[in-house]
Number of protein chains: 2
Amino acid sequence: MSTPSGEPQWLSDDEQRAWRAYLRGSRLIEEALDRDLQSHGVQLTEYEIISMLSESPRRRLRMSSLADLVVQSRSRLTHTASRLEKRGWVVRESCLDDKRGVELVLTDAGWQAVQDMARVHVASVRRSVIDPVPAPLFKALGEAMDVIRATLAPGQEGGHPAVAREAQELESDAQADVRRSRVF
Amino acid sequence: MSTPSGEPQWLSDDEQRAWRAYLRGSRLIEEALDRDLQSHGVQLTEYEIISMLSESPRRRLRMSSLADLVVQSRSRLTHTASRLEKRGWVVRESCLDDKRGVELVLTDAGWQAVQDMARVHVASVRRSVIDPVPAPLFKALGEAMDVIRATLAPGQEGGHPAVAREAQELESDAQADVRRSRVF
DNA sequence: GACGGTTAGTTGAAATATAAATGAAGTCTG
DNA sequence: CAGACTTCATTTATATTTCAACTAACCGTC
């Protein structure tokens with residue numbers, strides 16, 4: 001054994017095939033979805049941000065939680081949030097309790113934008129990703145990805161911590177008409 | 001029906017769960033693999049490029065084919081190739097037949113770099129992606145992603161058009177010791 | 001063989017992303 | 001409560017990516 005810890009455990013043929021299919025497929029998905037959202041002048045990562053906000057109880061989320069949710073660095077989110085703010089889609093509000101914290105709030109204009117874009121986007125996701133794959137296989141894909149999620153980001157099960165509590169909290173809210181957000 | 005083409009077909013709960021798991025998981029994977037490759041000072045996308053080259057018959061590929069293979073824009077590949085060239089890992093050679101064309105060739109230093117990084121990277125892929133997922137489920141994930149690949153990039157089945165012919169072409173080559181490249 | 005249309009690859013400027021340093025406000029310990 | 005340490009978010013400086021020209025070479029047709 002000359003190298004540190006000897007020969008690595010290379011991939012089997014099956015593993016390699018699957019892994020390469022994943023790598024290439026994931027890039028193609030990103031490309032396709034991004035392209036379709038360009039028609040509305042947003043990137044997928046920006047859409048993710050505002051759509052997450054749109055689903056949150058008071059259409060707001062702390063920078064940190066949001067960053068974790070969409071898997072972006074704090075710094076990146078700061079920059080992107082500023083861009084979204086310039087467009088008038090979000091506003092920053094400082095947290096009442098923790099004065100270090102900042103909450104990103106979706107404006108009415110932002111809400112409307114999400115609603116519009118969601119139509120395009122859901123069609124795009126269907127066409128590129130969901131429709132071509134048989135339902136059971138797609139479900140398996142979801143399970144596999146959730147295992148990976150659990151491995152790489154343990155302790156963030158729901159994905160969106162807020163959504164679980166949404167119904168009760170919002171029921172008597174002015175925005176109750178939102179009901180289960182269909183921004184998917 | 002007030003909106004163009006009426007209500008979009010929103011996602012079912014199963015579909016939504018799977019799609020979100022995918023989205024989040026894919027970002028986490030990218031993040032994890034990228035982080036691990038940072039130790040060698042490369043990004044995942046750069047690694048993909050040189051590893052593809054390392055598997056090609058004469059360690060060379062045309063810019064366009066390579067761009068398609070790794071799903072990057074021509075422009076992006078041009079810039080990235082320049083960076084890799086500065087490091088001495090690749091060299092540009094103009095095509096003999098098609099004088100518009102440029103081939104990107106992996107240098108010996110580049111080859112060595114890939115060999116070294118592959119050890120780190122394969123371990124990283126195993127740890128983050130393959131090991132946590134039961135083999136059959138991972139295989140399903142691969143199948144699903146291949147369907148998507150077929151949808152979004154029809155007519156690029158093998159992924160690496162060159163690899164299929166590699167064995168025979170290379171068998172009596174100076175680099176025959178490469179055998180089935182284990183850069184995975 | 002010259003015109004129009006297309007493809008290959010590059011370039012340079014603008015947009016976006018990453019990385020390291022900063023400041024301000026929390027928490028924990030003694 | 002002081003000091004050390006951590007977390008939150010931003011800032012600044014770089015690095016990378018995108019986007020819109022642009023040049024050169026191929027291709028078909030007349």
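As the structure is a computational prediction, the values presented were derived from the model and not from experiment. By convention in this document, chain letters (A, B, ...) are assigned in the order of the sequence lines, proteins followed by strands, and residues within each chain are numbered from 1.
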Using a cut-off of less than 4.0 Å, is there contact between a side-chain N or O of B:T80 and OP1 or OP2 of D:dT17?
yes

Salt bridge (charged side-chain N to carboxylate O under 4.0 Å, His left out) against B:R87, all qualifying residues, sequence neighbours excluded
none

Pairs under 3.5 angstrom, nitrogen or oxygen only, protein versus nucleotides 10-12 of chain D, please.
residue	atom	partner	partner atom	Å
D:dT10	OP1	A:R92	NH1	2.5
D:dT10	OP2	A:T78	OG1	2.8
D:dT10	OP2	A:R92	NH1	3.0
D:dT11	O4	A:S75	OG	3.3
D:dT12	O4	A:H79	NE2	3.4

Are any protein N/O atoms closer than 3.5 Å to N/O atoms in nucleotides 24-26 of chain C? If there are, list each pair with its distance.
residue	atom	partner	partner atom	Å
C:dG26	OP1	A:K99	N	3.2
C:dG26	O5'	A:D98	OD1	3.3

CD of B:Q38 versus P of D:dA15: gap in Å, rounded?
14 Å

Short side-chain N/O contact to C:dA15 OP1/OP2 from A:R76, under 4.0 Å:
no

Going by salt bridge (charged side-chain N to carboxylate O under 4.0 Å, His left out), name the residues that satisfy it together with B:E31, two or more places apart in sequence or in a different chain.
none

Not counting sequence neighbours, which residues clear side chain to side chain donor-acceptor pair (under 3.5 Å) with A:S73? List them please.
none

So, is A:Q43 near the phosphate of C:dA17, with a side-chain N or O under 4.0 Å from OP1 or OP2?
yes

Pairing residues for B:E143 by the salt bridge (charged side-chain N to carboxylate O under 4.0 Å, His left out) criterion, not counting sequence neighbours:
none

Who passes ring-ring contact (aromatic ring centres under 6.0 Å, His included) against A:Y22, sequence neighbours left out?
A:W19

Can you list everything that forms a side chain to side chain donor-acceptor pair (under 3.5 Å) with A:Q72? Sequence neighbours excluded, please.
none

Under the side chain to side chain donor-acceptor pair (under 3.5 Å) test, residues paired with A:R100 that sit two or more places apart:
A:D98

When rounded to whole Å, the CZ to P distance for the pair A:R83 and C:dA14 reads 17 Å

Distance, rounded to the nearest Å, where B:L61 contributes CG and C:dA8 contributes C1'
15 Å

Any residue meeting salt bridge (charged side-chain N to carboxylate O under 4.0 Å, His left out) with A:D14, in chain and number order, not counting sequence neighbours:
A:R17, B:K139

Consider only side-chain heavy atoms of I, L, V, M, F, W and Y, link residues closer than 4.5 Å, and tell whether A:L11 and B:Y47 are in one cluster.
yes

Only counting residues at least two apart or in another chain, list the ones meeting side chain to side chain donor-acceptor pair (under 3.5 Å) with A:T151.
none

Considering only heavy atoms, which members of residues 29-37 of chain A lie under 4.0 Å from some atom of DNA chain D?
none

Distance in angstrom units between B:L44 CG and C:dT18 P, rounded
13 Å

Closest non-hydrogen atoms of B:E15 and A:F138, given as atom of the first, atom of the second and distance, are O-CE2, 3.9 Å

